[in-house]
S.K.: 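Before I ask anything, here is the structure I am working with.
Whatever order the structure lists them in is the order used to number ligands and atoms, beginning at 1.
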Amino acid sequence: MKIKIETSSPDKKKTSMLCGFVVEGSDKILGLDRIDSEIAPFVKQSIIDMGGKFGKISVIPVKSPAQRILLAGIGKKEQFTKDTFRYVSGKIAQKARELKLREFSIICPPSSESTSTVSQIVEGCKLSLYKFEKYRSEKDNSMPDLFIISPKSDKIINTIKTAETVSDGAIFTKSIANLPPNECTPSTLANFARDMAKKNKMKCTVISKDELKKRGFGGITAVGQGSKNDPKLIILEHNRGKTSEKPIVLVGKAVTFDTGGISLKPGEKMDEMKFDKCGGCTVLGIMKAVSELKLPINVVGIVPSVENMPGGESYRPGDIIKLYSGKTAEILNTDAEGRLILADALSFGEKHYAPKAIIDFATLTGACIVALGTNVAGMVSNNDKLKQQMLESSRNTTEEIWELPLNDDYMDMIKSDVADMKNVGIGRAAGTITAAAFLRNAIKDTPWVHMDIAGVAWTQVATKDKPYNPKGATGFGVRLILDYLQNI
Ligand code: BES
Ligand code: MN
Ligand code: ZN
C-alpha cells in the first residue's frame, strides 16, 4: 500500500472515500472544519446518528469531490489510549478493502500528540491489510492506497516513513512466522537473514551443525539432533553506532516445529507449534526495520533455530548435556527445548559482544498462557532500568507485558541431583519463572529481559480480536523493541 500526505483541505479532496474520526457524542469530524453547505445538514445528522462509539464505522454516500464519507467512532476523549487510532484506522482500512476501493483518505485529527496519532494511523492501516495468502490459489490482491490529509511538515513526513518501516518489519515477522513447518526450516530462516543482510548492509553469520558441535553449543545441537533439518545459529549485526559503543543484543527462539521430541506432545493443536519460531521471527523483523531505518546504534540479532523431532537420533529424557556456558543440564523433558537453545545463544551473545543489554523473545511456556492469557506477554528481568524502559515502550506501543518475579527460591527449583541444573522445574509450579531461571543461569550480570510470548505471538481462541492482528502470527515485540531502540 502506498501512503501519501495530502495537503489540500479535506473538503476539496477528490477521493473514493473521505474518512474522519468522530468523538462520542460530538457532531463534528475531527479536522474537518468546512463542508459543502448543500450536504452539511445531511452529514451532520449522520454524525449525530452514528454516535461516535469506539470502533463503530458508518459509510455515507455523498456527491463529489469525495464519493463517500466514512465516519469512524473513537469513543470518549477520556478513554483514548495509544491504541485508539491504530485500532480504528485498522477498521477503516478493512472497510476500504471490503468496498474494493483503489484508494481512501483519512483526515488526520489536529492534536498536540499528532506524531503518535499519525504513526497509529499508518500502523493500523498497514497491519490490518496484511493477509497470509501465499498458499491460496485465489488471492485477494486488492490493496488500496492511503492519503493522509494533514498540513505538510518534515516531522509528519518522517513520522509516516518511520511508521511504514516499523509496520513492514512487523509484517515481515508475520509473513515468515506464518510459513508452514514443511516450508520453513532452520536453513530457510538463515536464508531470510542472509538476504536481508545483503540488502541492508548488515553482517550475517550462520553457524551450522558441525561447527556448533565443535564450538560447544550443546543445547542447540542436542535439541536439533533428532531432525534431518539441521540446526542453525543465525547472527545479524547492524553496526551504525560508534565502534566503542556496546551493542544491544536481541535473541529469539526459533523452533521451526516443536513436536516435543521423545516427550511427545499430544496431537491436539500440535499444528500450532509451527509458531514456535515466532521469537526468532520477531528478532529478524526488528533487524530488518533497524537496518532500513539506519538507526545510529549497534544492534545484534541472534536466532538459534532447530526443529524438535522424535526419532532414533533424538536427545532423550535422562541425557546430560553441556551448554555453551560450560554448565551441565539434565534433560528431564525434551519438550522443554526452548530454554536449551536460548541458553546457548544468550551465553554466546554475552561472551562475544559484551552487550549493554540482552533482550530475548520466546514462545517458551504454556504456563505463561495460564498465568497471563493471550493478550499480555510475561517479562522476567535482572535489571530495573531495562525493565522500566520495556514498560515505557509497552505503554507507547500497547504491546502489553507484565512482570513476573525471579528470586533465589525459583533458582533453587531447577537444581538437579546429577548436573548443574535440570531443564524443568518442580511439577507445574511457576512454569514460566522456572524456565526464566534456566535462562538466568546462562548469563553473568549483563542487564537482561526475557519476554515469554507464548500467549501473544499468534492469535489463539482467547485472543482479543483486533483489526491489526488478523488470524495467525502477530509480530508481537517488533513495535515494542523498535520504540525502545529509537528512544535510547
Ligand atoms: N513451545 C512450547 C511452549 C508453548 C506451548 C507455547 C503451547 C505456546 C503454546 C515449549 O517448548 C514447551 O513445550 N514447553 C513446555 C515446558 C514443560 C515441558 C516444562 C510446556 O509449556 O508445557
Ligand atoms: Mn516444547
Ligand atoms: Zn517449544
S.K.: Would you check if Val380 and Asp452 make a side-chain contact, meaning some heavy-atom pair closer than 4.5 Å?
M.R.: no
S.K.: Within 2.8 Å of the Zn ion (ligand 3), is there any N, O or S atom belonging to Lys253?
M.R.: yes
S.K.: Counting only heavy atoms, which portion of Lys253 has something under 4.0 Å from ligand 1: side chain, backbone, both, or neither?
M.R.: side chain
S.K.: My understanding is that only one of Val122, Val118, Ile106, Thr117 makes a side-chain contact (heavy atoms from CB on, under 4.5 Å) with Phe85; could you say which?
M.R.: Thr117
S.K.: Counting only heavy atoms closer than 4.0 Å, does ligand 1 sit against the backbone of Arg339, its side chain, both, or neither?
M.R.: side chain
S.K.: Can a cation-pi geometry be assigned to Arg479 and Tyr468, taking NZ or CZ under 6.0 Å from the six-membered ring centre and within 45° of the ring axis?
M.R.: yes
S.K.: Quick one: does Trp458 get an N or O within less than 3.5 Å of an N or O on ligand 1?
M.R.: no
S.K.: What atoms in ligand 1 come closer than 4.0 Å to a heavy atom of Ile369?
M.R.: 9 (C)
S.K.: At less than 4.0 angstrom from any non-hydrogen atom of Glu337, what atoms of ligand 1 do you find?
M.R.: 11 (O)
S.K.: What are the protein N, O or S atoms, given as residue plus atom name, that sit under 2.8 Å from the Mn ion (ligand 2)?
M.R.: Asp258 OD2, Asp335 O, Asp335 OD1, Glu337 OE1
S.K.: Determine, for Lys213 against Asp210, whether the closest basic-nitrogen to carboxylate-oxygen distance falls under 4.0 angstrom.
M.R.: no
S.K.: Whether Glu98 and Lys95 form a salt bridge (side-chain N of Lys/Arg under 4.0 Å from carboxylate O of Asp/Glu) is what I want to check.
M.R.: yes
S.K.: I need the nearest protein heavy-atom contact for atom 1 (N) of ligand 1: residue, atom name and distance, please.
M.R.: Asp276 OD1, 2.8 Å
S.K.: Taking the side chain as everything from C-beta on, heavy atoms only, tell me whether Leu482 gets closer than 4.5 Å to Ile286.
M.R.: yes
S.K.: Does the side chain of Thr162 pick up a donor-acceptor pair with the side chain of Thr165 at under 3.5 Å?
M.R.: no
S.K.: Just jot down the ligand 1 atoms closer than 4.0 angstrom to any heavy atom of Ala454, in number order.
M.R.: 6 (C), 8 (C)
S.K.: Checking the N or O distance criterion of under 3.5 Å, is ligand 1 in contact with Thr365?
M.R.: no
S.K.: Would you mind telling me if ligand 1 is within reach of the side chain of Leu364, the backbone, both or neither, using heavy atoms under 4.0 Å?
M.R.: backbone
S.K.: Could you see which bit of Asp258 sits under 4.0 Å from ligand 1, with heavy atoms only: side chain, backbone, both or neither?
M.R.: side chain
S.K.: Show which atoms of ligand 1 fall inside a sub-4.0 Å distance from at least one heavy-atom site of Thr363.
M.R.: 1 (N), 2 (C), 3 (C), 6 (C)
S.K.: Is Asp335 salt-bridged to Lys265, going by a charged N under 4.0 Å from an acidic O?
M.R.: yes
S.K.: Got an N/O contact under 3.5 Å between Gly366 and ligand 1?
M.R.: yes
S.K.: Are the charged groups of Glu307 and Lys277 less than 4.0 angstrom apart, N to O?
M.R.: no
S.K.: Go through the steps to decide whether Phe476 and Phe361 satisfy the test ring-ring contact (aromatic ring centres under 6.0 Å, His included), and finish with yes or no.
M.R.: CA-CA 9 Å; Phe476 186 100; Phe361 282 88; 7.0 Å; no
S.K.: Between Met273 and ligand 1, find which residue part has any heavy-atom pair under 4.0 Å and reply side chain, backbone, both or neither.
M.R.: side chain
S.K.: When you check the gap from the basic side-chain N to the acidic O, do Glu164 and Lys161 get nearer than 4.0 Å?
M.R.: no
S.K.: Any heavy atom of Lys265 sitting closer than 4.0 Å to ligand 1?
M.R.: yes
S.K.: Would you call Arg86 and Glu123 a salt bridge, taking side-chain N to carboxylate O under 4.0 Å as the test?
M.R.: yes
S.K.: Does Leu250 reach the side chain of Thr282, with side-chain heavy atoms less than 4.5 Å apart?
M.R.: no
S.K.: Would you mind naming the N, O or S atom of Asp258 nearest to the Zn ion (ligand 3)?
M.R.: OD2
S.K.: In the protein, what heavy atom is nearest to atom 18 (C) of ligand 1, and what distance, to one decimal place, separates them?
M.R.: Asn333 ND2, 3.4 Å
S.K.: Assess whether a salt bridge exists between Arg316 and Asp319, defined as any Lys/Arg side-chain N lying under 4.0 Å from an Asp/Glu carboxylate O.
M.R.: yes
S.K.: Give yes or no for whether the N/O distance cutoff of 3.5 Å, strictly under, is met between Asp335 and ligand 1.
M.R.: yes
S.K.: Are the side chains of Trp458 and Glu272 in contact, using a 4.5 Å heavy-atom criterion?
M.R.: yes
S.K.: How many degrees, to 10°, between Asp276 OD2 and Glu337 OE2 as seen from the Zn ion (ligand 3)?
M.R.: 100°
